[in-house]
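Predicted model only: the values in this text are computed from it and were never measured. Residue numbers begin at 1 in each chain, while the letters A, B, ... track the order of the sequences.
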Amino acid sequence: MSTNETTPPANFIRQIINHDLKENKHNGKVATRFPPEPNGYLHIGHAKSICLNFGIAAEYQGTCNLRFDDTNPEKESIEYMESIERDVKWLGFEWSGLYHASDYFEQLYDYAVQLIKQGQAYVDSLSAEQIRAYRGTLTEPGKESPDRNRSIEENLDLFARMRAGEFADGQYVLRAKIDMASPNINMRDPAIYRIRRVHHHRTGDAWCIYPMYDYTHCISDALESITHSLCTLEFEDHRPLYDWVLEQLQTPSHPQQIEFARLQLEYTIVSKRKLNQLVMENHVHGWDDPRMPTIAGLRRAGFTPNAIRDFCERIGLTKQNSWIEMGVLEYCIREDLNENALRAMAVLQPLRIVIDNYPEGQTEQLEISNHPQRPELGKRNVPFSKVLLIEQDDFAKIPPPKYKRLVEGGEVRLRGSYVIKCNEVVEDAEGRVIELRCTYDPDTLGKNPEGRKVKGVIHWVSEQHAHPAEVRLYGRLFTVPNPDNEENFLDVINKDSLEILPDCRVEASLAEASPESRYQFERTGYFCLDAKDSGADRLVFNRTVTLRDGWVKD
RNA sequence: UGGGUCGUCGCCAAGCGGUAAGGCACGGGGUUUUGAUCUCCGCAUACCAAGGUUCGAAUCCUUGCGACCCAGCCA
């Protein structure tokens, strides 16, 4: 909801639009679109495109459509469509219009007929293999198909019969007649229609021929009067074809395609094919696994729409291929959550401590702030009693240098509570610390002790009042910054990306937590109540990100 | 001598002929009942390289070098 009036950073697309506006190129209108293929879940790379397209539209009082590029029914589904709508909304955007390339199948067909009539498309009987052979190579021109000079009448007849279902899949293809010797391979008579008897999730079995991307996308943009068609760098070579189709067809509008570099994030992947593989082969627990770079995964991990939008703004927009460090994304979520997440105490790996000088059976409710810098977020009661639980890491038999937590004979502050002193360490037969006998200083609640300085502060819960919880610690999915560079990206999956702590104890107030609510567990990180696996009497928290750790260990 | 695109700090990124913004990361100081936050300071005589034009070049020109994309009836 930040309505800060900071001017958005300059980037080359805004410069183009500003220039177009000055020239009154599209009657002062700006219309964009976000055009995913519904063949998978949206990921952080799509978020960049979403923020760009919807952001530009909002900034220029323009429009932005959500359009499903559903021309290849083989890989697409309703589930994916629904997830995409859900994720775009969750990110905080509203589309001006919701369209599908399949809405245009009839018009697309008519336009194809027009191309044929103009002598600019022909039905080819070459097989896929033959077409590949005829295409030539990167350095050698292609050869013309024997069918290239088929008469218009025959092409019209054949194309109609392709639609009517008279031919087998792959028997014929409709090709644009451009230039088999073009140095740009995309212009060597690209296929624009193929025969494919596959049930389409929206048009059912009405069609057995489907238009190809290059032919469909430009016309869809034109039909929606898109002014700026923003896509990623790999489509640069397709722009001449985009323009060619629209020029031949004399469409009422001719959008401008502009390409930008897709997002690449270290220690993860954003290839839909590979993400799909991770899900299908159960390397993760579904598209919304908190380790996934999908919007659904980030959401379940506890990321906020705000943080993701901020991230997309921070990484900039250029035509340079680049790799963004995870630290940037982590910074964005920490910044948001530090500001907005309520604080709470949770002990992930409990160590029992007994306050010997505290009365048996007594409980006092300590009032603790929900946020150290924002008093308006209120206070909560945290019960204190004789037996407490602290983090195993917060006690050391042999402390490392500069250790400022609890040691035998030493003092430490219990966050929001008293200063305690450890008098005795109880160990089991193997020498493992199983309990600490402590005393507390009753005169240190809300004030510093007399005549001595206590540096360390640790978190705690009351054993009898705390609630059990499962905490899931998520780490990066891969062990190397660029898994895509590996021979097989599965080889570099981080086997330790998920650590489940089944026996944690969280403070009493957390029993009230609602699904997807986010907290800072003081001193350990930001956590989100898992929306799927938490229930009435089961608390499951996912770690979104750790706290920054400025402790320079030796 | 196939075509297209791109080279500014460890990672992003402004800059558009007038003498290198900003963010992240990193290092150091201060505050702090989170080793968090906050705050202060530091961090490219240098813009892929070499020539050239100019009073003046990261910006213009030339020539190199490096990286990425393209030969689906995928998008």
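Residue contacts for A:Gln373: at a heavy-atom cut-off of 4.0 Å it reaches a base atom on one of the strands shown. Within the nucleic acid shown, A:Lys404 comes within 4.0 Å of at least one base atom, counting heavy atoms only. Within the nucleic acid shown, A:Lys447 comes within 4.0 Å of at least one base atom, counting heavy atoms only. Within the nucleic acid shown, A:Gly456 has no heavy atom closer than 4.0 Å to any nucleic acid atom. The residue A:Tyr403 sits close to a base: some heavy atom pair falls under 4.0 Å. If you check every strand for non-hydrogen atoms under 4.0 Å, A:Gln15 touches a base. The residue A:Gly550 sits close only to the backbone: its heavy atoms come under 4.0 Å of sugar-phosphate atoms, none of a base.
Look at the C1' atom in both B:G7 and B:C48: the space between them is 6 Å, to the nearest Å. Comparing the C1' positions of B:G18 and B:U59 gives a spacing of 11 Å, expressed to the nearest Å.
At a cut-off of 3.5 angstrom, counting only N and O atoms as typed in the model, there is no donor on one side facing an acceptor on the other between the side-chain of A:Glu259 and the base of B:U5. For B:U34, the base has no donor-acceptor partner in the side chain of A:Arg523 [N/O atoms by modelled type, under 3.5 angstrom]. Between the side chain of A:Arg239 and the base of B:G4, no donor-acceptor pair of N or O atoms lies under 3.5 Å. Residue side chain A:Glu236 does not reach the base of B:U5 through any donor-acceptor N/O pair under 3.5 Å, judged by distance alone.
Base pairing annotation: B:G56 forms no Watson-Crick or G-U wobble pair, as no partner gives both donor-acceptor distances under 3.5 Å. Pairing for B:G64 goes to B:C48, judged as Watson-Crick or G-U wobble with the two contacts each under 3.5 Å. In this structure, B:C38 forms a base pair with B:G30, meeting either the Watson-Crick or the G-U wobble geometry with both donor-acceptor distances under 3.5 Å.
Taking the six-membered ring wherever Trp is involved, the centroid distance between the rings of A:Tyr440 and A:Tyr418 falls below 6.0 Å. Aromatic ring centres of A:Tyr213 and A:His217: separated by under 6.0 Å. Ring-centre distance between A:Phe521 and A:Phe541: below the 6.0 Å cut-off. Aromatic rings from A:Tyr193 and A:Tyr172 are positioned such that their centres are separated by 6.0 Å or more.
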Between the protein and nucleotides 24-30 of chain B, are there any N/O to N/O pairs under 3.5 Å, and if so, what are the atom names and distances?
unit_1, atom_1, unit_2, atom_2, d
B:C24, OP1, A:Tyr331, OH, 3.0

Chi angles and distances behind the side-chain contact (heavy atoms from CB on, under 4.5 Å) call for A:Thr71, A:Tyr215:
CA-CA 10 Å; A:Thr71 57; A:Tyr215 173 73; over 6 Å; no

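When each of A:Ile324 and A:His371 is assigned the nucleotide of RNA chain B bearing its nearest heavy atom, the one mapping closer to the 5' terminus is A:Ile324.
By the 4.0 Å N-to-carboxylate-O rule, A:Glu507 lies close enough to A:Arg380 to be salt-bridged with it.
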What string of B, S and - do you get for nucleotides 66-75 of chain B 5' to 3' if you count protein non-hydrogen atoms under 4.0 Å?
--SBBBSBBB

